[in-house]
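Below is one structure, written out as structure tokens; comments come after it.
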Amino acid sequence: ERRPQSLVATKAARELAPVLTEAFDAIDAAVRRARAPRAATAMPLRLACPAGFATGWLLPRLDRFHRREPGVALVLTATERLIEPGAGEDTDACIRFGRAGWSGRLACDFLFADRRIPICSPHYLPAHPIDTNAVDPLAGHTLLEALAGLDDWPDWLRWTVMAAEGARRLSFGDERLALEAAMRGLGLALADRAAAAEAIAGGRLVAPFDPREMLRGTAWFLVYPAEAAAAATPVAAFRSWLLDECDGTAL
């Protein structure tokens, strides 16, 4: 209905409006769904690795992997157990620590060397100063260690030609607990530089003896069935990204 300065819907139009609006909204939603690209079903990748590697090195980088490979759904399991990918295990690939030389059916790629450095909380040092040039700089300090690495501190001291006659030892079930104890100011722990890199960069840990680090010939490897990298598989996609991340540096 035309008014002097406007148009007004008729009674019939006002009765039709809600029904037509609902219908047009439904058509619009259906067209949007039809035009939207259909998301491909993500392919799962079941990866196992030690907890220290997962939390210290891998997790801070996973966002980059997801952006690069959105079609791969990573299922990550943290375990210290020696996993045999594809051999009855619910695992496609794993990260191992050692000197390589595993089963012939498995392929392995070198990621980076194990480089051990002492680390501690920045709040630990004011109350426990360290003279890094002293013959026995760790006298009176607490050395934190994992039960699986009881030789780490003696090896590091021999490597750096230092003594620790007056130091105490505090042992934990795994390296994660030793690192957590270091963050809480309970003493100094020996850590893989790569595993501690995020905490050091974030200021939660410091490396008072840097750059003195110990290399023992051990390293981190990606291990997977040899045939898994031969085609466009989730393992191949993860392998390509991981090797790019590790190219030339562990940090």
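Partners of Phe97 under the ring-ring contact (aromatic ring centres under 6.0 Å, His included) rule, at least two apart in sequence or in another chain, are Trp220. By the ring-ring contact (aromatic ring centres under 6.0 Å, His included) test, Tyr224 is found to be paired with no residue, residues two or more places apart in sequence or in another chain being considered. Take Glu145 and apply the salt bridge (Lys or Arg N to Asp or Glu O under 4.0 Å) test, not counting sequence neighbours, and it matches Arg169. For Asp151, there are no side-chain hydrogen bond (donor to acceptor under 3.5 Å, both in side chains) partners two or more places apart in sequence or in a different chain. Residues that satisfy the salt bridge (Lys or Arg N to Asp or Glu O under 4.0 Å) test with Asp92, not counting sequence neighbours, are Arg46. The salt bridge (Lys or Arg N to Asp or Glu O under 4.0 Å) search around Glu180 returns Arg184, not counting sequence neighbours. Arg168 is linked by a salt bridge (Lys or Arg N to Asp or Glu O under 4.0 Å) to nothing, counting only residues two or more places apart in sequence or in another chain.
Counting heavy atoms from C-beta outward, Val75 and Leu47 have side chains that stay 4.5 Å or more apart. Under the 4.5 Å side-chain criterion, counting only non-hydrogen atoms from C-beta, Leu45 is in contact with Val235. Residues Asp155 and Leu157 have side chains not in contact (no heavy-atom distance under 4.5 Å, counting atoms from C-beta outward).
Within a 6.0 Å radius of NE2 in His66, other residues, nucleotides and ligands contribute more than 12 heavy atoms.
Applying the salt bridge (Lys or Arg N to Asp or Glu O under 4.0 Å) test to pairs two or more places apart or on separate chains, those with a residue in residues 116-127 are Asp114-Arg116, Arg116-Asp152, Arg116-Glu175. Evaluation of the ring-ring contact (aromatic ring centres under 6.0 Å, His included) test over residues 163-212, restricted to residues two or more places apart or in two chains, returns Trp156-Phe209. Applying the salt bridge (Lys or Arg N to Asp or Glu O under 4.0 Å) definition to pairs two or more places apart or across chains, those involving residues 226-241 are Asp109-Arg239. Identified under the salt bridge (Lys or Arg N to Asp or Glu O under 4.0 Å) test for residues 196-215, with sequence neighbours left out: Arg115-Glu213, Arg193-Asp210, Arg193-Glu213, Glu198-Arg204.
Between the side chain of Thr91 and the backbone N or O of Ala93 there is no donor-acceptor pair closer than 3.5 Å. Looking only at distances, no side-chain donor or acceptor of Trp159 sits under 3.5 Å from a matching main-chain atom of Pro154. With hydrogens and angles disregarded, no donor-acceptor distance shorter than 3.5 Å links the side chain of Ser240 to the backbone of Ala236.
Note: His141 and Tyr124 have tilted aromatic rings, judged against thresholds of 30 and 60 degrees for the angle between ring planes.
Through direct or relayed side-chain contacts under 4.5 Å between Ile, Leu, Val, Met, Phe, Trp and Tyr, Leu205 connects to Ile117, Ile119, Leu179, Met183, Ile200.
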**Message:** Set out, in order, the CA-CA distance, both residues' side-chain angles and the distance that settles side chain to side chain contact (heavy atoms under 4.5 Å, CB included) for Ile83 and Thr77, then state yes or no.
**Reply:** CA-CA 11 Å; Ile83 298 291; Thr77 300; over 6 Å; no
Audit row: Glu245, Arg68, salt bridge (Lys or Arg N to Asp or Glu O under 4.0 Å) steps and yes/no | CA-CA 12 Å; Glu245 284 287 320; Arg68 175 164 154 172; over 6 Å; no
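Contact between Gly52 and Ala195 at its shortest, heavy atoms only, is O-CB, 4.0 Å.
Glu69 and Arg64 are not joined by a salt bridge, as no carboxylate oxygen comes within less than 4.0 angstrom of a charged side-chain nitrogen.
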